[in-house]
Amino acid sequence: MQQQIGSLRDVLRLRTVATAGTFNIFFGAGISRDPPSNGPIWNEMQVGLLSAMFDRMARAGWSIASEFPEDRVSATAINTRPETFWRRILDPAGDSLVTHALTAAHVGLPNRNHRLIAELLASGICSHAFTTNFDEHLESVLPESFPTAVPADDSPLSDVHRARLVKLHGTIDSPKSLVFTLEQYDRLEQRNRALLGRLSTAPLLIAGYSGYDTDVLPSLSAIVSQTPFTVIVQHPGSSTAQPVFGLAAEGSNVFVLESTCEAVLSELSIGISSSNCRYPNISMGTDQGHTYREASETVPIYRIPFILTFIFNLGGCWKEAHKYAWLTHDACCDAREEGTITPMEFRTIHIDIAYLLKLCGDSFGSRAMLGAAKRSVEDSGGSASAMVAILRAQALIENTPTQQSSQSDREQPSNLGKFQPSQLVSAIDSWRDQVLMAEPVDPHSQFISAWQRGLVLGHEGRFAAAIETYDAGLAMVSSGVATHLERGRFLLDYGGVLFKYATQNESPEGREKANTVYQLSEAMSEEIGDWPTCARARLMLSKIYLGAGLIERAREYVASSLEAATRTNDPDLRSRIEEFIAGLNAVTKLKSIADQSSRDSK
């Protein structure tokens, strides 16, 4: 049962016990909250970093800059755990942005809380201090070479056992040691339980700690009842719903004291000499806003809307997520023209936003992004394995549950039933794991596997083997294991292999078979409104008819190909069709000149 203590008398009891031996302290971010440290709380870090991202886009002069203030309000209002937030932006942003943003915790100077803890440690009255804080304010006050360990950076066990200051979640000076995701918490829980067991041998003071992490609080829960007694400091006016106060139910020796951390530490430090401690007067950094701006600039600007797409999805802001997914596509296309994005990065970003658009209900947009990814491989002469990865992602995305929308491409669907914000993190992580899926065991997976093998063989130029594999896949299509969308796209790829084989071997029969397969692809894709596939099938049919000398027939098909392409959001596809039309016009003109010359010679 939680016991409230209304004065500092019981803390003096802690000090009395400590004079006969020692006591231990466990502290959290609340210690660094007071000036001049001004350590940020979680919400301030979220608002600061997201605001810096919007500011960077605004400085770039993007056309939708007038919408950024409203979108900023939506993004910064998203209520999520810090561990979930950092994990969600880790994939699109990378380690550098996250770790740089976390250095905002280290801006400023050590405050009185740090100085008091340092005095208690230096005097020996406080035996051990454990913390989840990243900042190094306490270390800057402690005597030089004070025994400190950061277990997360793989410090030798001997160093950890000798240390009197232990930083469980890492330290700013060693970015690789920082612990900030739920996966890291799960991995470190057993280690932390063993380390925190050292706190059970003396009275324990817990200060500035809320208990929202999942790796430390369970370990503290296991040891507080074993301590001579434990005092938890509750800042005046703070919520008693914080998980740390649940420790008071672990035993009659656990007390809650309503007081400021500084007042408690001051009482404990009466009569202690501070001669061994240092007192730096140089700030550890610039202002926090500058730190967030620097963090936002650690990634190329085209990744900023990409990061925001993940954040909006996490918060269930589907309209904004949809907008910023398309903005990511536009920014990546600009970067490709400028030569500032690699084909691999262009491809991987587009696979991710294809999945996110499908979650938002925009199946058409999702297909467009996968098409852009595929063309980036084709245009750059990418590997067959890259095409296989796109094909696998395509199969998984097409089978992702979503609420179908009949609205225009960039509008928000009215209902997203299948996915709630709380499910998004596990859904995306699960999808990423499945991209490299295991050997097929069901008929549909066997069909996808045959499609993949045919694609690989075709890219390797082994057209005869590819055709044999596609034939096996075609039998599965006939048995009904493939979706309508998959049928049209499978036949488009199959036709491509047949066309290349016929061209290489000058085979009229091969061209005729390719013509038949492309016509099937055109019909199936037109039936379901898969206009990118339909446009490509018609373009290939036009090329076949041109090769056969049937120019008017080629003109009919290329015109219908351009008509289908205008229904897509794919300017590259339209550009390629227009280039073919220009070439076809040139051929027609040359043929006309040749025919006229032939007539004149007669």
Side-chain angles (χ1 to χ4, degrees), residues 50 53-54 57 62 64 67-68 70-80 84-85 87-89 91-93 302-333 347-373 390 393-432 434-435 483 485 528-532 567-570:
L50 293 177
M53 292 183 185
F54 281 104
M57 291 190 297
W62 288 0
I64 66 165
E67 301 176 32
F68 290 161
E70 183 178 350
D71 294 340
R72 182 197 309 240
V73 171
S74 299
T76 56
I78 292 172
N79 184 20
T80 184
T84 304
F85 177 88
R87 178 63 184 87
R88 225 13 43 230
I89 70 173
D91 288 326
Y302 53 80
R303 280 195 171 266
I304 298 296
F306 185 41
I307 296 166
L308 291 170
T309 303
F310 277 76
I311 296 303
F312 282 125
N313 259 306
L314 179 62
C317 302
W318 303 105
K319 180 179 179 181
E320 291 83 358
H322 190 255
K323 179 201 300 184
Y324 281 83
W326 279 102
L327 185 58
T328 301
H329 168 68
D330 294 342
C332 286
C333 289
R347 180 179 74 249
T348 55
I349 288 176
H350 276 76
I351 290 175
D352 279 346
I353 57 177
Y355 181 74
L356 292 166
L357 281 172
K358 185 65 183 292
L359 288 179
C360 290
D362 185 1
S363 297
F364 178 85
S366 179
R367 294 195 297 271
M369 297 305 141
L370 287 171
I390 294 173
Q394 175 180 308
L396 290 165
I397 291 170
E398 292 300 338
N399 288 294
T400 297
T402 187
Q403 175 68 38
Q404 295 297 321
S405 172
S406 59
Q407 302 181 43
S408 63
D409 296 342
R410 300 198 181 193
E411 289 183 352
Q412 164 67 5
S414 59
N415 181 11
L416 290 163
K418 296 288 184 181
F419 278 90
Q420 298 300 322
S422 60
Q423 298 171 293
L424 185 70
V425 172
S426 59
I428 290 181
D429 288 341
S430 174
W431 172 74
R432 285 180 177 281
Q434 290 180 68
V435 169
T483 67
L485 182 70
I528 64 170
D530 180 8
W531 298 114
R567 303 191 185 192
T568 75
N569 282 309
D570 190 342

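What's counted below: heavy atoms across the whole structure, side chains too, no hydrogens, waters or symmetry copies. Just so you know, these numbers come straight off a predicted model, no measurement behind them.
Going from atom NZ of Lys319 over to atom NE2 of His322 covers 11.5 Å, rounded to the nearest 0.5 Å. Atom CD1 of Ile304 and atom CG of Leu50 lie 10.0 Å apart (nearest 0.5 Å). Between atom CG of residue Leu357 and atom NE2 of residue His329 there is a gap of 10.0 Å, rounded to the nearest 0.5 Å. Taking CG of Asp352 as the reference point, atom OG1 of Thr328 lies at 10.0 Å (rounded to 0.5 Å). Residue Glu70 holds its CD atom at 10.5 Å from CZ of Phe54, rounded to the nearest 0.5 Å. If you take CZ on Arg87 and CZ on Phe310, they are separated by 9.5 Å, rounding to the nearest 0.5 Å.
With contacts defined as side-chain heavy-atom distances shorter than 4.5 Å, the pair Ile311/Cys317 does not qualify. Side-chain contact between Arg88 and Thr80 is absent, with no heavy-atom pair separated by less than 4.5 Å. Using a 4.5 Å heavy-atom threshold, the side chains of His350 and Leu370 count as separate. Counting heavy atoms from C-beta outward, Trp326 and Asp362 have side chains that approach closer than 4.5 Å. Using a 4.5 Å cut-off on side-chain heavy atoms (C-beta onward), Ile307 and Tyr324 make no contact. Ile78 has its side chain out of reach of Phe85: every pair of non-hydrogen atoms, C-beta onward, lies at least 4.5 Å apart. Side-chain contact check for Asn313 versus Trp318: some heavy-atom pair is nearer than 4.5 Å.
Every residue meeting the side-chain hydrogen bond (donor to acceptor under 3.5 Å, both in side chains) condition with Arg303, not counting sequence neighbours, appears here in chain and number order: Glu345. Applying the salt bridge (Lys or Arg N to Asp or Glu O under 4.0 Å) rule to Arg347 yields no partners; only residues at least two apart in sequence or on another chain are considered.
Annotation for Ala325 and Thr309: closest pair N-OG1, 3.2 Å, computed over non-hydrogen atoms. Closest of all the heavy-atom pairs between Tyr355 and Ser366 is N-OG, 4.5 Å. Taking all atoms of both residues into account, the shortest heavy-atom contact from Trp531 to Arg567 is CZ2-NH1, 2.8 Å.
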Might you work through the side-chain contact (heavy atoms from CB on, under 4.5 Å) test for Asp330 and Trp62, ending with a clear yes or no? CA-CA 10 Å; Asp330 294 342; Trp62 288 0; over 6 Å; no
